[in-house]
Amino acid sequence: MPELGKYADTVILAYVVSLALIFGLVALTWVQNRRAKRLLNAQEANHGK
Amino acid sequence: MLALFTRDLKLAFRSGGGFGLALAFFLIVVMFVPFGVGSDLVLLARIAPGILWIGALLACLLSLDRIFQLDYEDGTLDVLATSPLPLTGITAAKAAAHWVTTGLPLTLAAVPLGYLLNLPQPAYIWLFASLAIGTPALSFIGAFGAAITVGIKRGGLLLSLLVLPLYIPTLIFGALSVTKSVEGLNPLPSLTLLAGLTLFSIVLMPFASAMALKSNLKG
Amino acid sequence: MLALFTRDLKLAFRSGGGFGLALAFFLIVVMFVPFGVGSDLVLLARIAPGILWIGALLACLLSLDRIFQLDYEDGTLDVLATSPLPLTGITAAKAAAHWVTTGLPLTLAAVPLGYLLNLPQPAYIWLFASLAIGTPALSFIGAFGAAITVGIKRGGLLLSLLVLPLYIPTLIFGALSVTKSVEGLNPLPSLTLLAGLTLFSIVLMPFASAMALKSNLKG
Amino acid sequence: MSLWEYANPVKFMRLTGRLLPFLCVLTAVSLATGIIWGFFGTPDDYKQGSTVKIIFIHVPAATMAVSAWFMMLVTSLIWLIRRHHISALAAKAAAPIGLTLTLIALGTGAIWGKPMWGTYWAWDPRLTSFLILAVFYLGYIALWKAVEDNDTAADLTSILCMVGSVFAFLSRYAVNFWNQGLHQGASIAVNKEQHVDNAYIYPLFLSFAGFFLLFVTLVFVRTRTEIRLRRAAALQARSL
Amino acid sequence: MTVTVTDISCTRGLRQVLQGVSFNLAPGDSLILRGPNGVGKSTLLRVLAGLGPVAGGTLDLNPDDVAYSGHLDAVKFQLTVQENLAFWAGVYDTDQTIEVIARFDLTKLKDRLAGSLSAGQKRRLGLARMVLSGRKIWLMDEPTTSLDAHHTALIAQSISAHCAGGGIAILSTHLDLDIPTARTLDLAQFIPTKTTDTSIFLQGSF
Amino acid sequence: MTVTVTDISCTRGLRQVLQGVSFNLAPGDSLILRGPNGVGKSTLLRVLAGLGPVAGGTLDLNPDDVAYSGHLDAVKFQLTVQENLAFWAGVYDTDQTIEVIARFDLTKLKDRLAGSLSAGQKRRLGLARMVLSGRKIWLMDEPTTSLDAHHTALIAQSISAHCAGGGIAILSTHLDLDIPTARTLDLAQFIPTKTTDTSIFLQGSF
Ligand code: HEM
Ligand SMILES: Nc1ncnc2c1ncn2[C@@H]1O[C@H](COP(=O)(O)OP(=O)(O)OP(=O)(O)O)[C@@H](O)[C@H]1O
Ligand SMILES: Nc1ncnc2c1ncn2[C@@H]1O[C@H](COP(=O)(O)OP(=O)(O)OP(=O)(O)O)[C@@H](O)[C@H]1O
Ligand SMILES: [Mg+2]
Ligand SMILES: [Mg+2]
């Protein structure tokens, strides 16, 4: 851990918030992608040629 | 009644996320204030309680015509009026659904928006409390206005006009309780009066709304 | 085009006085401010230019959905789109009619309302000028928002969400020119920019609106 | 052989399907090293102390937030002119990413502002225009949600993006005119004397690359999601 | 459960539209209102449903037995066909949604948003509500508007079946519906000849 | 001034509704579209009017000759009957308002607000616009909905007269209209059997 001095809270908070948002978006994207894949597979099985 | 309540919620979610929109409107009205009056933080802090309450009130107002108008236009209201549900129950269920989709999210959003306007620290809890207690009154009074104007094409503005004066006491007590807390005074008296007002609206307005609806349908 | 313009004016007069309503809304919003922020005259004078502009803007906003929605719902828009009138002309005529029934009365009413908010003396002329110059932009930009949301049931709030950010430059230049005049500075630069913005909106927005309408009708 | 080939869903799926594994790795590596280097391996600033480390997230996020809107503008225009569905879907896919990046820039900026300016929020033009950008993103996303017909939604959002871009630009100008701010100006200007110290510049570039790659990767994945949903809907419609 | 209408007058706005309408219906009866455009069919049906003022005469029917369908379909575009009916099932407190969907030939459309139905399909959805209501007295204003021949017959059958089961139906139409037991009432005979001055402002002079 | 429709496909949302519709109309011709509910009559008429996308095939008609009337009446409730028509007269730049009012049996109603008309009266007002437009190609979606027998015949006559004067009419209906010269096209034969995959998302697999 680097020495962050009196601004430790600030810096860590900024990183945590940003990483949380990034991971949130990545997770959302992943979940939606998987759901779409599953839906499409089901549809292909039902109605595919 | 429950069927009506849940259907109204469902419709609000379906039609392009009615849930988020009142919120977005609130956000933008609050954003507009600095553009209009300038970005002086001290000034903003002074007008913050009032602006936040007015913003919430306007966001609520804008969504009032949803309550009855569409059901009227597609004939659903005629059918509901001849259904087993009492008109009072119908108006109450619809006002409640309106609160859940509008008043509730506004209350939750007000706190972060308070920060944009530099609202002083101790006031946040009172802002939240006053909105939580006051917004149901806005929905129930608003439903009355919506019931009165239901037959009128483009009644939106007339509705605003009728409802705004009815909102004045709610606004005064609501904003006052926040202002008091900013000034270090006791916000409880105004808050109590606000609660009384809300209770009154919830209990009595549905009857008035039902009367208004009934005579609108007979026209 | 003229037929459409005069018909829109006629409809606005007929349906419960569309003319007066934006005005009344404006009046009430302005009246609300003292209830919300308290009645300190010095404070009110400081925020008056901003509040007046924001009030006019909101009053205008509230009446936007009138522009196309009703014509869409009763099938008139379908017929108009197949009529000899070009869509660009249709949107321009409707935006112009909206301005006459909304922007114009708001401009006229702003001066007496300024008095209620204790607006300082030299600012009146600039308030009037900025609204006269700026409100056409509000109508033409608003007509674009109305064209985009025309197919959407209960699109009122979405309309606000889309239009409000587009209104920001107008609001800034408009309010700024009044504020500047209050502070004894030169309001002309902002006013010139405002005029440019209005010209831009009048000339170009009808094309964007026509595109939006066209694809909405094809849906 | 032209770029337009990839306006075909099959080709697009095949290409991105092949590219994505590499992109993911590349993104993860550059973003991680950029951020870790920035966080652990850089000295404090003499004036700003350790808060300067926020720059490694704040600046790339802010830049990409604006770039994302620009990308949406370009793909929207392509849809309006050439009517390639993939283009419209890419714009749709980019919007939530752009919004998130905007929120990151706003969030880190706000947190940074507390020690530097003594407040989380001030109505500085730079900050304000980012708030406006967020609202544009919100409106754009809401419009996609609200319109039922796919092609109509693509048309309308594209038109909104076009008009919105003009007004976003005007707002930026207006906001500057309205208020002179606290925020520092561009500091990576190439031929300026006062630029960021070398100690910061390399991790900053890495982090830039990381955010850029993150954006590209996510746009690809989200566009693929949208394409699959379209196909599923088309299949279902065919069966009814 | 009967319908007794005695010497009823109807007004619309300030205009007196019908005068002296009387009829009696017992369980199993059905009545078809006919007459040219603007004679007052819709007006009379609204009055019977309690949605309009009775300007004269007496009306004897239990409002809790009435199900009404007007010129408008009372269909929510943002809900699916099934959701639309499920809502009305909730209001009328039944659980017949699935049966009714089948009976009105809506099974294939059940998961479609109602907004994407054709005119006739919407109409059917609107009429399905009548059965769902479980009520005895059906008031229907031009029920077969926009319906093709096949579905017109289907609706006529539904009405016959309803009456055969002890229900009452009063409907207006411009077409010839095949409801064997139905009586017909031509409203043209009730057009006010010499309007009685119902308005209090016309009584006396000043 | 002719209408040439060659092998046209129509879609609604993602659904392909019609496939391979072709017909030719010369001045004086009229065509009645028939078919069960939901077959695609309204969809086809909107496509012809330029209000819907052509999903395949070619459409050859001059949009400046077209007058369209749909399921909705396009009537403004707050204007009187005469004002409604005067507005359209302004749009189409004619001055035939009075004649048209007489021809559609609206003279008695001419100063009434359109909102206070009965369903059939509104319909008539909507249709009067077609004559007023002076346009040659009439596209009408179930024009006689809500009309009584007398006025149904009147509309049929109007259409006949329009065609006799060298006009073209394409209309959908579920009733039998008395237009002697009209051809009939049953759209049921164009229901897509094996849908061609028009959507780009169905071409190839992934
Ligand atoms: C919510 C608040 C903030 C927002 C939306 C914001 C936005 C931005 C944007 C858009 C940029 C990139 C501009 C460019 O490259 O030209 C930027 C850069 C930067 N910001 Fe912020 N900022 C915020 C707050 C802060 C604060 C509080 C600080 C520190 C005191 C700060 C320091 C910087 C620095 C040092 C740069 C780099 C300048 C450059 O490389 O051009 N920002 N910010
Ligand atoms: N809101 C109103 N105000 C005044 N008069 C009205 C109003 N609504 C209808 N009328 C008039 O009342 C009369 C009866 O109308 P009603 O709608 O009952 O006719 P209808 O028999 O149902 O006709 P249709 O077959 O066309 O539906 C008509 O002459 C009509 O013009
Ligand atoms: N907005 C829409 N989205 C998707 N499908 C639609 C939409 N509108 C109509 N449809 C479907 O397209 C088909 C054709 O509809 P259309 O309205 O053209 O039928 P129609 O022949 O006019 O029927 P009707 O006699 O009932 O008026 C129907 O199956 C309908 O369900
Ligand atoms: Mg009727
Ligand atoms: Mg149809």
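In what follows, chains are A, B, ... by sequence order, proteins preceding strands, each numbered from 1.
There is no contact between D/L99 and chain A, counting heavy-atom distances below 4.5 Å. Only the side chain of D/L214 comes within less than 4.5 Å of a heavy atom of chain A; its backbone N, CA, C and O stay farther away.
Under the 4.5 Å side-chain criterion, counting only non-hydrogen atoms from C-beta, D/I227 is in contact with D/M13. Counting heavy atoms from C-beta outward, A/Y15 and D/T108 have side chains that stay 4.5 Å or more apart.
Listed options D/I35, D/I97, D/T100, D/L229 were ranked by heavy-atom pairs under 4.5 angstrom with chain A; first place goes to D/T100. Here A/L13 is the residue among A/V17, A/V26, A/L13 with the most heavy-atom pairs under 4.5 Å with chain D. Counting heavy-atom pairs closer than 4.5 Å to chain D, the top residue among A/L25, A/L39, A/D9, A/I22 is A/L25.
Between D/F205 and D/F208, the ring planes are tilted. Angles from 30° to 60° get that label.
Applying the ring-ring contact (aromatic ring centres under 6.0 Å, His included) criterion to D/Y137, with sequence neighbours excluded, gives D/W69.
Of all residues in residues 84-94 of chain D, none places a non-hydrogen atom less than 4.5 angstrom from a non-hydrogen atom of chain A.
Checking side-chain atoms of D/K53 against main-chain N and O of D/F39 turns up a donor-acceptor pair under 3.5 Å. Between the side chain of D/T152 and the backbone N or O of D/E148, no donor-acceptor pair lies under 3.5 Å. For the pair D/S207 (side chain) and D/F56 (backbone), a donor-acceptor distance under 3.5 Å is present.
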Criterion side chain to side chain donor-acceptor pair (under 3.5 Å) on A/N33 and D/R228, from CA distance to verdict: CA-CA 9 Å; A/N33 189 43; D/R228 289 203 172 99; 3.2 Å; yes

